Student: 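Quick one: this structure, given as structure tokens, is what I'll be asking you about.
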Amino acid sequence: MTGTSLGTTSRAARTAALAACAALALAACGSTNDSDSSSDGEGGGEGKVGVVLPLLTSPFWQSYNDYVPKMAKEEGVDALKTVNSNSDPSQQITDINNQLNQGVKGLVVAPLDSAAVSAGLDQAERKGVPVVAVDVAPDEGKVAMIVRANNKAYGQKACDYLGETVKSGKVVQIMGDLASVNGRERSEAFRSCVKEKYPDLKVLEIPAKWESDTAAAKLDTLLNANPDIKGIYMQAGGVYLAPTLQTLKSKEMLKKAGEDGHIAIVSNDGIPQEFEAIRKGEIDATVSQPADAYAKYAMYYIKRAMKGETFKPGPTDHNSEIVKLPNGLLEDQLPAPLVTKENVDDPELWGNTVE
């Protein structure tokens, strides 16, 4: 997806989401009458919590899914079994409404589409059910907190690493879905940083929408036309690592760090597979997106939101900062460290604790 088609894609996703909402009208979707709702938002912190996942085809989300019940227990939250929206924004609205109709008192949602998710958020608000968003910030709608790392910093860290390592030549960023604020922020931050700080780098771009097959096919085409690529920035190792390495290997372009012809590669996610690739010298670095902390603080905030607590911008007691976004929503920006061969064995990194 290119930037020029972003609006069309977002509108299409939102239209589909609203259609899903309309289809559930008999289940009170979109109703302003809450008298029949089993959730009035005054549960005193007690009650079931629904947890909606965006997908389970990525090792990152598989790890997050595993952390959810552990962190729910640790925080004293009664979380239902997670629901997988399977990369479908309209299905995610259906999933949210199904959870609401089951009488949950709180929701933790990792939005697939920053705009489309508002249909589900609106229905939760009508039913008085607080929502915590994870990983993706909604464009609009009410949430008690967004638990997320600074995605602009992801792009900037990747830019700085490649800029200092490659110095000059062609680099490619394999982008996420530009209908997602994560895809937009990582792409824009990388692009802007290169332009401002490393003018000798030329950025080529692959819009891959978090899809492994798309990334592989487009990278293959790009390498055919540009065999002199010096660096690659993958915006999500969970979906792009395997196809990128396989594509390079098939073209005999996968050289280990330190060898002639090595293509410097920086990723995002912090999954064990990336760490192993760093140890092997296949890639150089990744930004560790905190799957464990995402689950932990999602449960932390939803429990307090269900008690009626509200939050303010400022530093937290867990090495992060709550910031107020332009749309008025609050976001707890959790730390996401750069991982290289120097610190890849750090036992504090969640990617080294996955069983």
Side-chain angles (χ1 to χ4, degrees), residues 9-25 27-34 37-43 47-55 79-80 82-85 87-148 177 179-182 184 294 297-299 301-306 308-311 322-332:
T9 302
S10 294
R11 285 193 297 272
R14 181 171 171 79
T15 299
L18 290 172
C21 188
L24 291 168
C29 179
S31 170
T32 57
N33 181 2
D34 293 336
S37 170
S38 59
S39 177
D40 58 8
E42 299 295 333
K48 302 287 185 181
V49 170
V51 182
V52 180
L53 307 177
L55 52 96
L80 297 175
T82 57
V83 176
N84 175 22
S85 297
S87 299
D88 184 344
S90 61
Q91 178 61 44
Q92 187 161 74
I93 305 306
T94 300
D95 292 337
I96 290 171
N97 278 282
N98 286 342
Q99 296 288 293
L100 292 170
N101 292 324
Q102 288 180 42
V104 296
K105 300 290 186 178
L107 272 173
V108 173
V109 179
L112 278 161
D113 185 290
S114 305
V117 73
S118 65
L121 299 180
D122 290 347
Q123 178 59 10
E125 183 178 8
R126 291 186 185 100
K127 287 181 172 284
V129 175
V131 180
V132 169
V134 174
D135 185 54
V136 171
D139 289 344
E140 55 186 20
K142 182 179 180 180
V143 295
M145 182 63 69
I146 302 158
V147 177
R148 184 172 176 252
D177 191 340
S180 158
V181 65
N182 289 3
R184 294 197 299 271
Y294 275 11
Y297 290 105
M299 297 302 153
Y301 284 114
I302 197 60
K303 182 176 182 179
R304 283 154 181 78
M306 288 163 65
E309 293 185 29
T310 56
F311 313 99
I322 297 174
V323 300
K324 189 172 184 178
L325 302 180
N327 62 6
L329 300 179
L330 295 179
E331 178 174 290
D332 187 351

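Source: prediction; values computed, not measured.
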Student: Regarding Arg304 and Asp332, does a basic nitrogen lie under 4.0 Å from an acidic carboxylate oxygen?
Tutor: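 No.
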Student: Could you measure the distance from the CZ atom of Arg184 to the CG atom of Asp177? Nearest 0.5 Å is fine.
Tutor: 9.0 Å
Student: Among Ile146, Val181, Leu330, whose side-chain contact (heavy atoms from CB on, under 4.5 Å) with Leu325 holds?
Tutor: Ile146
Student: Measuring from atom CG of Asp113 to atom OG of Ser118, what distance do you get when rounded to the nearest 0.5 angstrom?
Tutor: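 Here the rounded value is 9.0 Å.
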Student: State, yes or no, whether a side-chain contact exists between Met306 and Val104 at a heavy-atom distance under 4.5 Å.
Tutor: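 Met306 vs Val104: side chains apart.
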Student: Between CG of Leu121 and CG of Leu107, what distance do you get to the nearest 0.5 Å?
Tutor: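 Going from the CG atom of Leu121 to the CG atom of Leu107 covers 9.0 Å.
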Student: With a 4.5 Å cut-off on side-chain heavy atoms, are Val109 and Gln92 touching?
Tutor: yes
Student: State, with a plain yes or no, whether a side-chain heavy atom of Leu112 is found less than 4.5 Å away from one of Gln91.
Tutor: no
Student: With respect to Leu329, which candidate in Val143, Asp139, Val323 satisfies the side-chain contact (heavy atoms from CB on, under 4.5 Å) definition?
Tutor: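 Output: one option passes, namely Val143.
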Student: Backbone N or O of Asn182 within a donor-acceptor pair of the Asp135 side chain at under 3.5 Å?
Tutor: no
Student: In Å, rounded to the nearest 0.5 Å, how long is the span from CG of Leu100 to CG of Asp95?
Tutor: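 One finds 11.0 Å between CG of Leu100 and CG of Asp95.
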Student: Heavy-atom distance under 4.5 Å between the side chains of Gln123 and Ile96, does that happen here?
Tutor: no
Student: Do the side chains of Val129 and Gln99 get nearer than 4.5 Å, heavy atoms only?
Tutor: no
